[in-house]
Amino acid sequence: MAIGEGPGSVTTYDAKTPLRRREEVIADPRARLERMMEIRHAEQKIRELHEEGLAWGSTHSCDGQEAVAVGIAAAVPPTDHVVGAHRGHGLGLAMGLTPEQLLGETLGRSVGAVEGLGGSPHLVETSVGLVFTVTLMGAGIPIVAGLALAAQVQGSDRVAVAVFGDGAVNIGAFHEGLNLAALWRLPAVFIIENNHYGEFSRYDRTTTVEPPARRAEAYGLPWTLVDGQDVDAVIEAVGTAVATARSGGGPTLLELRTYRYFGHSRSDRAPYRPEGELEAWRARDPIRILGDRLVADGVVDEADLAAMEERCRERVEAAAAHALAAPVTDVTAMFRHVYPEAAP
Amino acid sequence: MAIGEGPGSVTTYDAKTPLRRREEVIADPRARLERMMEIRHAEQKIRELHEEGLAWGSTHSCDGQEAVAVGIAAAVPPTDHVVGAHRGHGLGLAMGLTPEQLLGETLGRSVGAVEGLGGSPHLVETSVGLVFTVTLMGAGIPIVAGLALAAQVQGSDRVAVAVFGDGAVNIGAFHEGLNLAALWRLPAVFIIENNHYGEFSRYDRTTTVEPPARRAEAYGLPWTLVDGQDVDAVIEAVGTAVATARSGGGPTLLELRTYRYFGHSRSDRAPYRPEGELEAWRARDPIRILGDRLVADGVVDEADLAAMEERCRERVEAAAAHALAAPVTDVTAMFRHVYPEAAP
Amino acid sequence: MARLRMNQAIGRALADAMDEDPTVVVFGEDVAAAGGVFKTSVGLLEAFGPDRVRDTPISEMAIVGAAVGAAMGGLRPVAEIMFADFFGVALDQVVTQGALVHYLTRGAVTVPMVVRSSVGAGRGFAATHSRTVEEWFLSAPGLKLVEVSGARTAYGLLRAAIREDGPVVVLEPRALYGSREEFEPGEDAVLALGRAEVRRPGDEATVVAVGQTVGIADRAIEELGASVELIDLLSLRPWDVDTVLESVARTGRLALVEEHPFTGGWGPDVASRVGQELFGDLAAPILRITAPDVPVPFARELEFRYLPSVEYVASQLRTWLDTGKLPAPWWADIREGV
Amino acid sequence: MARLRMNQAIGRALADAMDEDPTVVVFGEDVAAAGGVFKTSVGLLEAFGPDRVRDTPISEMAIVGAAVGAAMGGLRPVAEIMFADFFGVALDQVVTQGALVHYLTRGAVTVPMVVRSSVGAGRGFAATHSRTVEEWFLSAPGLKLVEVSGARTAYGLLRAAIREDGPVVVLEPRALYGSREEFEPGEDAVLALGRAEVRRPGDEATVVAVGQTVGIADRAIEELGASVELIDLLSLRPWDVDTVLESVARTGRLALVEEHPFTGGWGPDVASRVGQELFGDLAAPILRITAPDVPVPFARELEFRYLPSVEYVASQLRTWLDTGKLPAPWWADIREGV
Ligand SMILES: Cc1ncc(C[n+]2csc(CCOP(=O)(O)OP(=O)(O)O)c2C)c(N)n1
Ligand SMILES: Cc1ncc(C[n+]2csc(CCOP(=O)(O)OP(=O)(O)O)c2C)c(N)n1
Ligand SMILES: [Mg+2]
Ligand SMILES: [Mg+2]
């Protein structure tokens, strides 16, 4: 096995923390709610760090898309392989990365998920199966086919999952990767996280079929359109697709409908959105939907919600303080891991 | 207009010959039959030239696929733009290239379609709209979108046509090119020449939908499956698609079902074909189908057919003799047309 | 005179070209309604309409391929590839299709297309969005390649590229999009492809730089206080052999300041050619000041260490001028590539 | 001892590696049932079954991407890209994805993949199927690049590449697939990446060649009758600086025989580095014997004129050895690039 055998990142938190955090999300709906709140707080904090001039460079927030991230993390066991895309803060935290790992990466510190060498679009944590994050549109799709091929050849029951944006459905790698995965009936799940926009273009201004997931038919694959604001719907759909893949039923293409509350990246004020669109989506806020449901079901009460929010706030603040206090990544780090160390 | 303005090839036959030959094919079913015979003879001659060691290098014969070539040439006016693919001897002759141009190119002579610089997979003759031939799978598809974009922006009623193999439907450029053409409703027609094989792989062993043309639906485009052995069916389908494109109705994806009688290229004896497959297709030989029809309709009689065959044989023999007598392309030719001449 | 940011100068060049020639069209990801992610095409959609200024899907192969076809069909398309790293999915359309059409049609078809793209580090875009990948294009027969170094050269070279009858790739250092320069746009500002510019005269040594290293080298020479000639290469294919040779023949020394890692890029071609032509006439070995052979790191401190800085370039030049020997690069003592 | 054609040696290397290591898998277009269009994988499907030996669709991006993923997932995939020109549609997966995974996961994930591909002219495949595009890979941090020169090195380097824990691109001159060489396959035949080989000793000059130019240079030196050392570079990234420098320091002269056009390719890096390191110690300018800067022409006479021939290499070397000056290339009097 190539994954997880490397020396791994040097971090000050416990190496088992991500897996523990992941197990919470898998096991407990309250943990899912809290994780969604944590993601929201982390995004807010990242914006602050940028405004204060402490963070820099490329970053993409996912406020509004938390149910997608947490739903995937809850439905996919940590032994499966997931490849994410550039807008991955939420997926990273949901899958188990610590806020320190995320904020450290954003700040270019040694405690970052990849030691500050990749930046926040490049989160990885192999202990929970987040094996790579791809920032070229759709490039992760054939890679996930390859991960699934490995499982198939090895006779493993591991499943490989690709998460990518609606913008990636028009790129060549999407086509080639899906065809290959379908042809070889690979144990893979392909997830379009349709937040309605590429950078500044609504998906229906660039994509010629509605819904985009219908493209699955071009490869003889099943597809499902899912309410990405409802974490339980996400878990259900992803879980079904993963189970199908695991039992030899081949790949599924899922489209999770969601919305990003902020611009594509920091400088984008999103002037291209039609009036009222943001408000309509905010009315279906994924945190509220799950919160209301858990309150209605008597699983939590309002005081619990407030306590969760407070814990998330504190956790994120502590993570930021910790990351800011951590050393800037050493210059020598850029020379490490360019090539694997030769066996001694 | 960029096309046709360049200095053009130096050839000894009349520069108007290709257009005249094209007009014959458009106007007269007998000319279509004779052109199909000519293609068959030319392919036979090319094999001989290779066996005799006179020709060399990459070449792909299209015996069995003549109705596709001639049908397209008959349905598309010479003022439209066509981009072909590597297996293009038939399309070239059908569109109007002379046998000298084809055989000269095969032999690397100055009388070749592109002076022997491209080889027989790179036939071009702008006077009849064969504006480029692409030998990387599917790469012509976005180029044809671009040609159609030019027509659209210019307000011209020109249509652009891409002809490519069944092997090209799994390449990224197919996906990206069709989506863009559909999105912009470009005046283009995309033609899959499905001869059932890539190099040595049957199309259904690499392609996950049946028929491949159904992929049009992934771009909201209409598609048609056509009997590629019946030149009249080809003319009808291509003509309809071209008319749709010309009148602003956007692109169509056509699949013309056909079969290549010989291997992929010279060295291939095609051992991968199931027994009886070739014979079954030979029973639906496109030349025979049209010949029988014209005889049945009283347009030609058996003597006419024999005369046509004889003319084709003679024309191809004369072309071969002429090409062999022509000078080998001069070494300085490889330095010409690398860049356009600067305006004087 | 106008004082424009480089991105504004590019927008101005596009607008002037579109005004002059109705066959010029512009397309790419978010170039129309949004005016480009780097604001290099602001206002074009409003001025020239949706037929000539178009947003595309995220489909780099289709973008370049459509430019090839549109150019064959009689337009002068200017396509944008947002980050040059993305040519990794579309290189075929540039070098194997577009650049060969004229040759393979024996001059019957021309491809007057321009593909613009941003390059380089210094903006926190990390490993996959920060390379200058000039070597992907340098050896492509039929293609021309330029890299601009500021607002004025961006304007002048883009206008020249649009007028060119063959395909041209224009690389724009994205770290410079916001930098301003004063110049007079218009006919007189159009530059010639294939020509380098002497940016400062000198007689002790010649420095050749490209893109964002031109400004860095300029400040480094200033700091140094030596009489060093600075040449902005501008065109990478073909590059201006005559101007470089003339200068080095005079100064006897050549240093290159490259953003690219030591291996590959535009530098070795220039160094190797000058070494051949001026064999025996050089007073010192050719100095290549480059980035190290590693992926572009994200952390700000690392990214600016990766890039040749003014101080680093000055110190390298100083040692080399003083000793006539090659100074070790800053990373010499770090075990590389492990 | 076995006397194998180069394509057989490649098949043997694949079979031996698959025997040795059950994680080795092979896929690409028509590599399984047909044994490869160049017959480099004949019999593997029968020997190792359809799980480990697979035909793919014509989808280069998926082929390389699947190799990246399969390698991440614990296999050692050997993917085939039929003609290296086709990397123009799949370069991203090699240099921007595969080569960066180890770095961007800080060593947590390795990518032990090999991508084999055929390169070069001399077989009548014309402009779009004949380039050696080494410059597309030369500057890619995280990647290794080799080019084989016959049956023995094809076997030895491929086996080494398969054992490597990072991604390796193996270029195979397709003109040599049918050429035979006698050697003993097996453990002792495995070569080390990063090492050049001295193919013939000499003390008047050093010639460095790669791929099919190794044999051409060898015959040219033979014809010349001079004492010229011939080095087969074999590895292009990283290249064996020590072996080359040691030789040139001894002989005082360096000539490169390159299949690539004069602009770009592996030559300028070697020439520029040697020029730096041995400044003042060279008895003559570094000679680069290359192809001209034009697309590969189809006509047989032209294609073999394009490629450096034995006679041409010998005559270039002779003039250079005799005069200490650079001879003009054969195309010097032809107006180039028009
Ligand atoms: C091949 C490629 N083209 C373009 C880009 C630039 N880019 C980065 S993010 C983005 C928009 C992506 O939209 P989508 O896939 O919907 O993801 P989202 O940002 O909405 O999460 C683009 C075009 C890229 N990274 N890769
Ligand atoms: C991108 C690319 N990949 C692979 C090839 C090699 N190749 C040449 S022809 C061919 C088979 C093409 O099959 P198809 O498209 O069905 O056309 P046909 O040969 O049947 O006419 C292949 C794989 C290529 N030219 N381009
Ligand atoms: Mg989106
Ligand atoms: Mg076919």
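To find a chain, count down the sequence lines: A is the first, B the second, and so on, and within it residues start at 1. Because the structure is a prediction, the values reported are computed rather than measured.
- To the nearest 0.5 Å, atom CG of residue B/L221 and atom OG1 of residue A/T208 are 6.5 Å apart.
- When the heavy atoms of residues 179-196 of chain A are compared with those of chain B, the residues falling under 4.5 Å are A/N179, A/A182, A/L183, listed by number.
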- Task: Before giving the answer on side-chain contact (heavy atoms from CB on, under 4.5 Å), spell out for A/E176 and B/I171 the whole-Å C-alpha distance, their side-chain angles and the decisive distance to 0.1 Å.
- Result: CA-CA 6 Å; A/E176 297 191 9; B/I171 195 101; 3.6 Å; yes

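- Of the listed residues (A/L178, A/V169, A/T206), the one with the most heavy-atom contacts under 4.5 Å to chain B is A/T206.
- A/H175 places no side-chain N or O within donor-acceptor distance of the main-chain N or O of B/A173, the cut-off being under 3.5 Å.
- Taking A/E210, A/R205, A/R215 one by one and counting their heavy-atom pairs under 4.5 Å with chain B, the maximum is reached by A/R215.
- Shown here is A/E236, whose CD atom has no more than 12 heavy atoms of other residues, nucleotides or ligands within 6.0 Å.
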